[in-house]
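As structure tokens, the structure follows; a few thoughts come after it.
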Protein chains: 2
Amino acid sequence: MPATLRDVAARADVSVRTVSNVVSGYTHVSERMRQRVLAAIDELDYRPNPAARTLRTGRTGMLALIVPEIDVPYFSALARDVITAAAELDYRVMIDQTGHDHERERELLTGDDRTMLFDGILFSPLVTQAELLEMDSTTRIPLVLLGEHQFDGRFDHVAIDNVQAAHDAVAHLLARGHTRIAAIGAQPLEPYATPQQRTAGYEQALREAGLEVDPDYARAAAHYSRADGYTAATELLRLDPRPDAIFCFSDLLAMGAMRAVFDAGLSVPDDVAIIGIDDIEEGRYSRPSLSSVSLDTAFISEQAVARIAARIDDPDVEPEQIVAPHTLHVRESSGG
Amino acid sequence: MPATLRDVAARADVSVRTVSNVVSGYTHVSERMRQRVLAAIDELDYRPNPAARTLRTGRTGMLALIVPEIDVPYFSALARDVITAAAELDYRVMIDQTGHDHERERELLTGDDRTMLFDGILFSPLVTQAELLEMDSTTRIPLVLLGEHQFDGRFDHVAIDNVQAAHDAVAHLLARGHTRIAAIGAQPLEPYATPQQRTAGYEQALREAGLEVDPDYARAAAHYSRADGYTAATELLRLDPRPDAIFCFSDLLAMGAMRAVFDAGLSVPDDVAIIGIDDIEEGRYSRPSLSSVSLDTAFISEQAVARIAARIDDPDVEPEQIVAPHTLHVRESSGG
DNA sequence: TTGTATGCGTTATCAT
DNA sequence: ATGATAACGCATACAA
């Protein structure tokens, strides 16, 4: 049976008020009292009950991080940094994965579940903007979006400039003389923001170079997984003329694509150059090492946690759109 | 201002008791009442306050998963499955990473922090058995250990048979004719259970084959990371005679080791065969694909969650030692 | 089957 | 600076 404030108060022969003050680090308490209380706390091995504290204050000290899949390297790297950044501000992080399930996303956001347990949500969504709009009416819990970027101003956002990032990747391939540049990750069937923006950057770069956009060269990928990359690349390699470069919308897609190229008896980068987005560590050790656009998960995490903390403290702060920097890393897979 | 039980009761013109019964799915409530209550709940958009419920019941419905680093593929795969398994039993999962920091581990376990927020802890420890012993006296929260296996009987454990797993990997290399088999991941300086057991299996397999154990061939690796694998392999390749195979204590070490072999101008598996443990997806797409011992994170997670749930329901259940199955997957990196 | 009343452990208001 | 006490929202013992 854990000790309570009352027990400590009785032991130290002071009021619970005083004990509470000591525990919460309140200033107006005499040194003699404090010592007496501290001694009692130590003797009884007292620890504040977080549930009671939460009931009283309305704060849990917990954030939720919602991602499609925690075991996707980009998201686990993000989680690592979010947990670290949150710890700095004395928040702890609960992780939930939606598994690409829209229904589950909605459930988590609307709190049909138990969302109230969190002070705020960091949400890396698959949902479209329209769905998000709809949800906003039902949820009132502080929310920061990661990786979307529609600039509609109603939500806090932290994300890179997806159009520019995609443009940079393709521009690099163009600069190296590639002219038949395919893309894996476009999802024409569903209007997600990220693939749309990256597709826009891809096409923009091609047009700037005076090249035509060949619809056959843009392949969908449902989950940005290695398997999706493998499948899509295999299809691309059967085209005539064959692409001489592939821009993958994620590094995981790129890993799958590279393996597909080898299995087809071709070489990366000699026959087909490949570049991805995310800059996961895996790509720095693969053979060949993977060119990629780096997203700085540490920056994204710090900003996101800072925003959510601000919004928790004041729900009416103006939403901010934070653009995280990105960096092109040229490695072996694109001839670097 | 969220609606409370009282509000719902007033609205439906019934007592809070009845509302509570309906919400908790209590059986003895007339259909007419139930409908009236349900309607009121809907109109007021009522949701139970988890903090109040926790304060009353002593249950939070939350588990903590403590791992060294969430962005290590094995741990993120484990986290994925733990979250899934926990959801089946209506538990949610908070993830904390110790970052190889013993002090942090102790803090989390002893609840110097806020551990009381969880109903139980799933703990993948770095600590030694001795430290764990010490901690047990201070913590009383249900605990299940993952990946340790000392069979001391005081804790619930879920882990593979590390000795056998290492033995299987090395036996495979021996069967393929390798005779100079090195190991990366032994940590002779610190008495962690996992590396000790894997080292034991490694040496045992060598001796059974009538080979000598060469201490130069066993290299330490602090974090089981790609970087550690790269460094250790680079050193191994400078030895004379050079190893003709390397058994890595994790797949991540193996990925680094493979890259080191290539950078040394050698071939995997022709010059040096490589095998790891964990069977992460990355190894199935790498070139060459990585032979590995698979750990079945789904099984481990299900068992661990089942155990912790049992212990939460009855703190006095007898501790169980659950041995998870492992499977050898031979792929290109060892000539498969 | 349903209503009333108490307490879970804290924080915060109001006195002193 | 400190003490007494009232909520916070829920679940349940006890009554009816």
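In what follows, chains are A, B, ... by sequence order, proteins preceding strands, each numbered from 1.
The bend of the helix from C:dT1-D:dA16 to C:dT16-D:dA1, defined by the angle between the axes of its first five and last five pairs, stands at 40° to the nearest 10°.
With distances taken from any side-chain atom of A:Val14 to the nucleotides D:dA11, D:dT2, D:dG3, the minimum falls on D:dG3. Checked against C:dT2, D:dA4, D:dG9, the side chain of B:Thr18 finds its nearest nucleotide in C:dT2. When the nucleotides D:dT12, C:dT11, D:dC8 are ranked by their closest atom to the side chain of B:Arg56, D:dT12 comes out on top. Of the candidates D:dA11, C:dT10, C:dT4, D:dA11 carries the atom nearest the B:Ser20 side chain, counting heavy atoms from C-beta on.
Rounded to a whole Å, the CG atom of B:Asn49 is 8 Å from the C1' atom of D:dC8. Rounded to whole Å, atom C1' of C:dG9 lies 19 Å from atom CZ of B:Arg53. A:Asp13 has its CG atom 8 Å from the P atom of D:dG3, to the nearest Å. A:Arg17 has its CZ atom 16 Å from the C1' atom of C:dG9, to the nearest Å. For B:Arg59 and C:dG9, the CZ to P distance is 16 Å, given to the nearest whole Å. Distance CG (B:Asn21) to P (D:dA13): 12 Å, rounded to an integer number of Å. Atom pair A:Leu5:CG and D:dA6:C1' shows a separation of 15 Å (rounding to whole Å applied). In this structure, B:Leu44 places its CG atom 15 Å from C1' of D:dG9, rounding to the nearest Å.
Ion pairing between a basic and an acidic side chain is recognised when a charged N comes within 4.0 Å of a carboxylate O; A:Asp119 and A:Arg59 show no such pairing.
Note: B:Arg56 CZ to B:Asn49 CG = 14.5 Å, rounded to the nearest 0.5 Å. Note that CG of A:Asn21 is 9.0 Å distant from CZ of A:Arg34, once rounded to the nearest 0.5 Å.
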Could you walk me through whether B:Ile322 and B:Phe299 pass the side-chain contact (heavy atoms from CB on, under 4.5 Å) test, one step at a time?
CA-CA 10 Å; B:Ile322 298 171; B:Phe299 177 90; 4.2 Å; yes
Can B:Leu117 and B:Met62 be said to form a side-chain contact (heavy atoms from CB on, under 4.5 Å), step by step?
CA-CA 7 Å; B:Leu117 239 179; B:Met62 300 252 307; 5.7 Å; no
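Dashed line: the shortest gap from a side-chain N or O of A:Ser30 to OP1 or OP2 of D:dT2 is under 4.0 Å. Applying the 4.0 Å criterion to OP1 and OP2 of D:dG9, one finds that B:Thr4 has every side-chain N and O outside that range.
For B:Val16 and A:Ala52, each mapped to the nucleotide of DNA chain C holding its nearest heavy atom, the one lying further toward the 5' end belongs to B:Val16. Nearest-nucleotide mapping onto DNA chain C: of B:Leu55 and B:Met33, the residue sitting toward the 5' end is B:Met33.
Between B:Met94 and A:Met94, the closest heavy-atom pair is CG-CG, 3.5 Å.
Residues passing the side-chain contact (heavy atoms from CB on, under 4.5 Å) test with A:Leu44 are A:Ala3, A:Asp7, A:Val8, A:Arg11, sequence neighbours excluded.
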